[in-house]
Colleague: 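Encoded as structure tokens, here's the structure I'll be asking about.
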Amino acid sequence: MPTPFQQAVWDAVRQIPRGRVTTYGEIARHLGTGAVRAVGSAVAKNPHAPAVPCHRVVRSDGMAGQYSGGQGMATKIALLREEGIEVHNGRIVAFESAIWRYPSQSVTNPSGR
DNA sequence: AACTTGACAGCAG
DNA sequence: GCTGCTGCCAAGT
């Protein structure tokens, strides 16, 4: 029986569109907490895969990060490549461009900046 | 109730 | 620029 915190994390990850990635820090910020590690633990226990694209959650330093199954980042990278995200030697290509930012409260200017 | 672990992030060397 | 240590919050033992 998952905790409300884990459900919140999974719900946040579920919002990540295909072909995009996000960082644990972004999720933590979106949840209004600095528990980046707790987020990682929650995602690691994610029983809703692949409903929750946990493989789209990467590290903030541009690396794919770890993954469950003991495969390390191998499986994670494979899934990301299927999503159209290029990954070289565990490093995400165009990382800054691939990062997905959670929508703010409201955009005063819908123009996009 | 307390200690340890964890799919990380950030700063210092 | 890269490697290493500390800090963070939550969950598990």
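Here is the naming used below: chain letters follow the sequence lines, and residue numbers restart at 1 for every chain.
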Colleague: Can you tell me how far P of dA7(B) sits from NZ of K76(A), to the nearest Å?
Modeller: 11 Å
Colleague: To the nearest Å, how far apart are L80(A) CG and dA7(B) P?
Modeller: 17 Å
Colleague: Do L31(A) and Y102(A) come close enough that some side-chain heavy atom pair is under 4.5 Å?
Modeller: no
Colleague: Could you tell me how far apart L31(A) (CG) and dA9(B) (P) are, to the nearest whole angstrom?
Modeller: 14 Å
Colleague: Please identify each residue that fulfils side chain to side chain donor-acceptor pair (under 3.5 Å) with R101(A), with sequence neighbours left out.
Modeller: E26(A)
Colleague: With salt bridge (charged side-chain N to carboxylate O under 4.0 Å, His left out) as the rule and sequence neighbours excluded, what pairs involving residues 53-64 of chain A come up?
Modeller: R56(A)-E83(A), R59(A)-D61(A)
Colleague: What's the shortest heavy-atom distance between M63(A) and N89(A), and which atoms?
Modeller: CE-O, 4.4 Å
Colleague: Transitively linked via ILVMFWY side-chain contacts under 4.5 Å: V58(A) with V43(A)?
Modeller: no
Colleague: Tell me: CG of D61(A) to P of dA9(B), nearest whole Å?
Modeller: 7 Å
Colleague: Is it the case that one hydrophobic cluster holds both W100(A) and F95(A), taking links as side-chain heavy atoms less than 4.5 Å apart, direct or via other members?
Modeller: no
Colleague: Atom pairs under 3.5 Å, N or O on each side, protein against nucleotides 1-4 of chain B: can you list them with distances?
Modeller:
none

Colleague: Can you check whether V39(A) reaches V57(A) side chain to side chain, under 4.5 Å on heavy atoms?
Modeller: no
Colleague: Report the distance from atom CD of Q66(A) to atom C1' of dT5(B), rounded to the nearest whole Å.
Modeller: 15 Å
Colleague: Got V13(A) and N46(A) here, is their nearest side-chain heavy-atom distance under 4.5 Å?
Modeller: no
Colleague: Can you build the contact string for nucleotides 4-13 of chain C? Use B for base contact, S for sugar-phosphate-only contact, and - for no protein heavy atom under 4.0 Å.
Modeller: ---BBBSSS-
Colleague: Indicate the atoms forming the closest heavy-atom contact of V93(A) with V87(A), along with that distance.
Modeller: CG2-N, 4.3 Å
Colleague: Whole Å only: how far is the OH atom of Y24(A) from the C1' atom of dG10(B)?
Modeller: 17 Å
Colleague: How does DNA chain C look in dot-bracket notation if pairs are Watson-Crick or G-U with both distances under 3.5 Å, crossing ones as [ ], other-strand ones as |?
Modeller: .||||||.|||||
Colleague: Heavy atoms only: give me the nearest A35(A)-F5(A) pair and the separation to one decimal.
Modeller: CB-CZ, 4.3 Å
Colleague: What is the distance from atom NE2 of H30(A) to atom CG of D11(A), rounded to the nearest 0.5 Å?
Modeller: 7.5 Å
Colleague: Starting from P on dT3(C), measure out to CZ on R59(A) and report it in whole angstrom.
Modeller: 12 Å
Colleague: Answer yes if M73(A) and V21(A) sit in the same cluster of Ile, Leu, Val, Met, Phe, Trp and Tyr residues linked by side chain heavy atoms under 4.5 Å apart, and no otherwise.
Modeller: yes
Colleague: With distance as the sole test, does W10(A) use its side chain to make a donor-acceptor pair with the main-chain N or O of A42(A) at under 3.5 Å?
Modeller: yes
Colleague: I99(A) CD1 to dA9(B) C1': how many Å, rounded?
Modeller: 13 Å
Colleague: Enumerate the residues from residues 81-92 of chain A whose closest heavy atom to DNA chain B is under 4.0 Å, giving them by residue number; use none for an empty result.
Modeller: none
